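Per chain, numbering begins at 1; letters A, B, ... match sequence-line order. None of these values were measured; they are calculated from a predicted model.
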Number of protein chains: 2
Amino acid sequence: MLDPISRVRRFNRAVTSAVGALDTSFLGRGRPLGAARVLNAIGHGRSDVAEIRDYLGLDSGLMSRLLRSLEDAGLVETTTHQDDARRRIAKLTRAGRREFAAYEALSNAQADGFLAQHSQREALLAAMDLIASVLTRERVALEEMDPRCEEARHCLGEYYAELGRRFKQGFDVSRSRDPDAKDMRRPRGTFIVAMSDTLPIGCVGLKGTDHGYAEIKRLWVAPAARGLRLGRRLMDATEDAARELGITLLRLDTNSALPEAGQLYRTTGWREISRYNDDPYPDLFFEKRV
Amino acid sequence: MLDPISRVRRFNRAVTSAVGALDTSFLGRGRPLGAARVLNAIGHGRSDVAEIRDYLGLDSGLMSRLLRSLEDAGLVETTTHQDDARRRIAKLTRAGRREFAAYEALSNAQADGFLAQHSQREALLAAMDLIASVLTRERVALEEMDPRCEEARHCLGEYYAELGRRFKQGFDVSRSRDPDAKDMRRPRGTFIVAMSDTLPIGCVGLKGTDHGYAEIKRLWVAPAARGLRLGRRLMDATEDAARELGITLLRLDTNSALPEAGQLYRTTGWREISRYNDDPYPDLFFEKRV
DNA sequence: CATGATGTCTGACTTTAGTCAGATATATTG
DNA sequence: CAATATATCTGACTAAAGTCAGACATCATG
C-alpha cells in the first residue's frame with residue numbers, strides 16, 4: 001500500500017495504461033502501429049533499414065513488409081547504400097514528411113495536454129526528467145561537442161545557476177577564470193556532453209594550457225541524473241581523451257561547498273595539492289597523473 | 001531538445017520501451033498477455049466478471065474465451081452470483097493462486113530492481129508518485145473511511161509532519177485540540193480519504209460538535225497531488241456529506257502560514273470570522289452555511 | 001575466385017487480439 | 001404475465017504481429 005515497491009507498481013500501472021492510450025492515438029491516422037513506428041523512426045532521422053529494425057526490435061521479414069507497405073502508400077522511398085549494395089536506405093517522400101509532421105503534431109499536442117493538467121509544471125517536468133534518466137541510464141551517450149553548441153551552453157548555464165545557489169557568496173562567471181572555448185576543443189582539449197536521448201544531462205571540459213598540465217573544468221551532472229554514477233563516467237572519458245591527446249598531468253580546482261565533487265575526486269586517484277591559481281571561487285585543488 | 005514538450009516526449013519514449021519490457025516479462029510465464037491480465041485482475045480481488053471486463057476494457061466475447069482458457073488450465077473456477085444468476089463470479093484455484101503469486105513476485109522483483117538503480121530512492125519515489133497522480137487524476141476516488149484506519153493514519157501523519165515544517169514554532173499534535181475519532185464518524189461527522197489506485201493522497205475530516213455547527217479538520221493533499229484541484233474536491237465532498245447529515249453550518253480554523261488553504265476557502269464561499277476556539281496554532285477562522 | 005557471412009526479401013504459417021451477430025438464460029418492470 | 005433489459009456465451013470472422021525457412025544478391029577474406 002505505502003511501501004516503496006507498491007509505489008513503483010502504482011506508477012507502472014498508471015504509466016502502462018497511459019502508454020496504451022498514447023499508442024491508440026497513433027492509430028487515429030488509419031495505419032497499423034507497426035507501420036507508424038517505422039515511419040516515425042525514419043522521420044526521426046534513422047535511415048539505415050538494419051538500424052531501424054534493430055531499434056524497433058523487428059524480424060527482418062516483418063520489417064521488409066512494413067517498409068514495402070509504406071513504399072506502396074507513397075510515403076517512403078528506398079535506395080541502396082552507396083558503399084554496400086546489400087543494405088537499404090529509407091527516406092521519406094514529400095507525402096511521407098507531411099504524414100510524419102502530422103504524427104509529430106499529435107505527439108506534441110499530447111505532451112502539451114499532459115503538461116496542462118498540472119499547475120506545477122516545473123515539478124512535473126523535473127520528475128519526468130528524473131525517471132527518464134533512470135530508465136535510460138544504460139543508453140546515456142557521452143559525446144564530444146563544441147563548448148559553444150546549444151547542448152553545451154545549456155549545461156553550462158545550469159552549472160553556473162547551481163553554483164550561484166550553492167556558494168554562500170553566489171557565483172558570477174565573469175569574476176571566474178572563464179576558459180576560452182578554443183582551449184576546450186581538440187587538439188588543445190575537449191568538451192564532453194552526456195546525452196540521454198535528446199536531453200543533455202551532464203558535461204565536463206578538458207582545458208589545455210601551456211604549463212605542462214591540462215585542467216578539468218565545468219564538471220556538472222543534472223539533478224535528475226544524480227546517483228547514476230555519471231560524474232565518474234564523465235571523468236573517466238575525460239582522462240581517456242587526455243591520454244589520447246598526449247596529456248599526462250591533470251589538475252582541477254573545486255570548492256568545499258560541493259562535497260560530492262570532492263568525494264568523487266578523492267576516491268578516483270586525485271591528490272590534493274596547494275593552490276595553483278588565483279581564481280576567487282575555489283578553495284580545493286587536485287592533481288592526477290594519467 | 002530542451003523545451004518542455006521535448007522533455008515530456010523523452011519521458012514517453014523512455015517509459016514506452018520500459019513498459020514494453022515489462023509486458024514481455026509477463027509473457028515469460030508462457031501465457032498470452034490477455035489471459036495474464038485476467039488472472040491478475042482476479043488475483044487482485046476482482047471477482048465479478050463484468051467488473052473485470054470493464055476494468056480491462058474487453059469485449060464480452062473475448063472475456064468469456066479468456067476466462068474459459070484459464071478455467072481449462074485449472075487456474076480459475078467460476079460460480080454464479082448468488083443474487084443474480086446471470087452474473088458469474090471468478091475465483092482462483094490453488095494452482096491459480098500459485099501462478100498469481102509467481103506474477104506478483106515477478107512484478108515486485110522488477111519494481112525492486114528499478115529502485116535499486118538509483119541512489120536517491122526517496123526522490124525517485126516522489127517523482128513516481130507525482131506522475132502517477134497526474135496520470136490517474138481522473139480516477140481519484142474519495143472514500144469515507146474510519147479515521148483510525150491505516151490509510152487515514154498515513155495521511156494524518158504526513159499532515160502533522162508538514163505542519164511541523166511549515167509553522168515557525170513547529171507543530172505538536174498533543175498541544176492542538178486533536179479531534180476524537182468518534183466525532184469524525186457517521187452519524188456525528190465523517191472522514192474522507194482520496195485514494196489514487198492504492199495510494200492515499202489526501203484527506204479531510206468533518207467533526208461533529210454539540211454547538212450547532214460542525215468543523216472541517218485535517219484537510220491535507222499529498223505534495224505529489226497538488227495542482228490537481230483535489231483540495232476543492234475534498235471540500236465539496238465534505239459539504240455534501242454535511243448536508244446529508246443535516247448539518248447547516250460549518251466552521252474551520254487554519255493558519256496564515258498555509259496561504260494556499262486560505263486562498264481555497266476564500267474562493268469557495270467561506271467567510272472569515274473571529275476566533276471561536278483557544279487552539280494555539282490557528283490564526284484564521286472561517287464559517288460557511290451549506 | 002571459392003567460401004562463408006551478411007542484409008534483404010518472399011511465401012507460408014501461427015498466435016493473439018479484437019469484432020459482430022445472434023443464442024440463451026435470467027432479471028426487472030409496468 | 002408479457003415485454004424488455006441484462007449478463008454471458010458461442011460461432012464466424014478479420015487485422016495485426018510475429019515466426020521460420022529458404023532464396024537471392026552482395027560483401028569480406030583467405
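Rounding to whole angstrom units, CZ of residue Arg87(A) and P of dC9(C) are separated by 13 Å. Atom CG in Asp48(B) sits roughly 13 Å away from atom C1' in dT6(D) (whole-Å rounding). Separating the CD atom of Glu51(B) from the P atom of dT6(D) is a distance of 18 Å, rounded to the nearest angstrom. Look at CE on Met63(A): it is 13 Å from P on dT10(C), rounded to the nearest Å. Going from atom CZ of Arg31(A) over to atom C1' of dA17(D) covers 17 Å, rounded to whole Å. Note: CD1 (Ile89(B)) to P (dA7(D)) measures 12 Å, nearest angstrom. Between Asp54(A) atom CG and dG7(C) atom P there is a gap of 10 Å when expressed in whole angstrom units. Rounded to an integer number of Å, the gap from Leu58(B) CG to dC20(C) C1' is 16 Å.
Side-chain atoms of Arg233(B) come within 3.5 Å of backbone atoms of Val140(B) as a donor-acceptor pair (strictly under, hydrogens ignored).
At the heavy-atom level, Asp84(B) lies under 4.0 Å from the strands shown only through sugar-phosphate atoms.
Ile42(B) has its side chain out of reach of Arg46(B): every pair of non-hydrogen atoms, C-beta onward, lies at least 4.5 Å apart. In this structure the side chain of Arg9(A) reaches within 4.5 angstrom of the side chain of Glu104(B), judged on heavy atoms.
The rotation axes computed at either terminus of the helix from dC1(C)-dG30(D) to dG30(C)-dC1(D) lie 20° apart, taking five pairs at each end and rounding to 10 degrees.
For the residue pair Leu130(A) and Ala123(B), the shortest heavy atom distance occurs at CD2-O, 3.5 Å.
Each of Leu62(B) and Asp83(A) was matched to the nucleotide of DNA chain D holding its nearest heavy atom; the match closer to the 5' end belongs to Leu62(B). Both Leu66(A) and Ala85(A) lie near DNA chain D, and the one whose nearest nucleotide falls closer to the 5' end is Leu66(A).
The side chain of Arg53(B) places an N or O atom within less than 4.0 Å of a non-bridging phosphate oxygen (OP1 or OP2) of dT8(D). Between Arg68(B) and dC9(D), a side-chain N or O to OP1/OP2 separation shorter than 4.0 Å is present.
Arg65(A) contributes a side-chain N or O that forms a donor-acceptor pair with the base of dG11(C) under 3.5 Å. With hydrogens and angles ignored, a donor-acceptor pair under 3.5 angstrom links the side chain of Arg86(A) to the base of dT6(C).
Considering Arg7(B), Arg13(B), Arg10(B) in turn, Arg13(B) is the only one that fulfils the salt bridge (charged side-chain N to carboxylate O under 4.0 Å, His left out) rule with Asp197(A).
Classification of Lys91(A) and Glu77(A) as a salt-bridged pair fails, no side-chain N sitting under 4.0 Å from a carboxylate O.
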Report all side-chain donor-acceptor pairs from residues 52-63 of chain B shorter than 3.5 Å, counting only partners two or more places apart or in another chain.
unit_1, atom_1, unit_2, atom_2, d
Asp59(B), OD2, Gly61(B), N, 2.7
Asp59(B), OD2, Leu62(B), N, 3.3

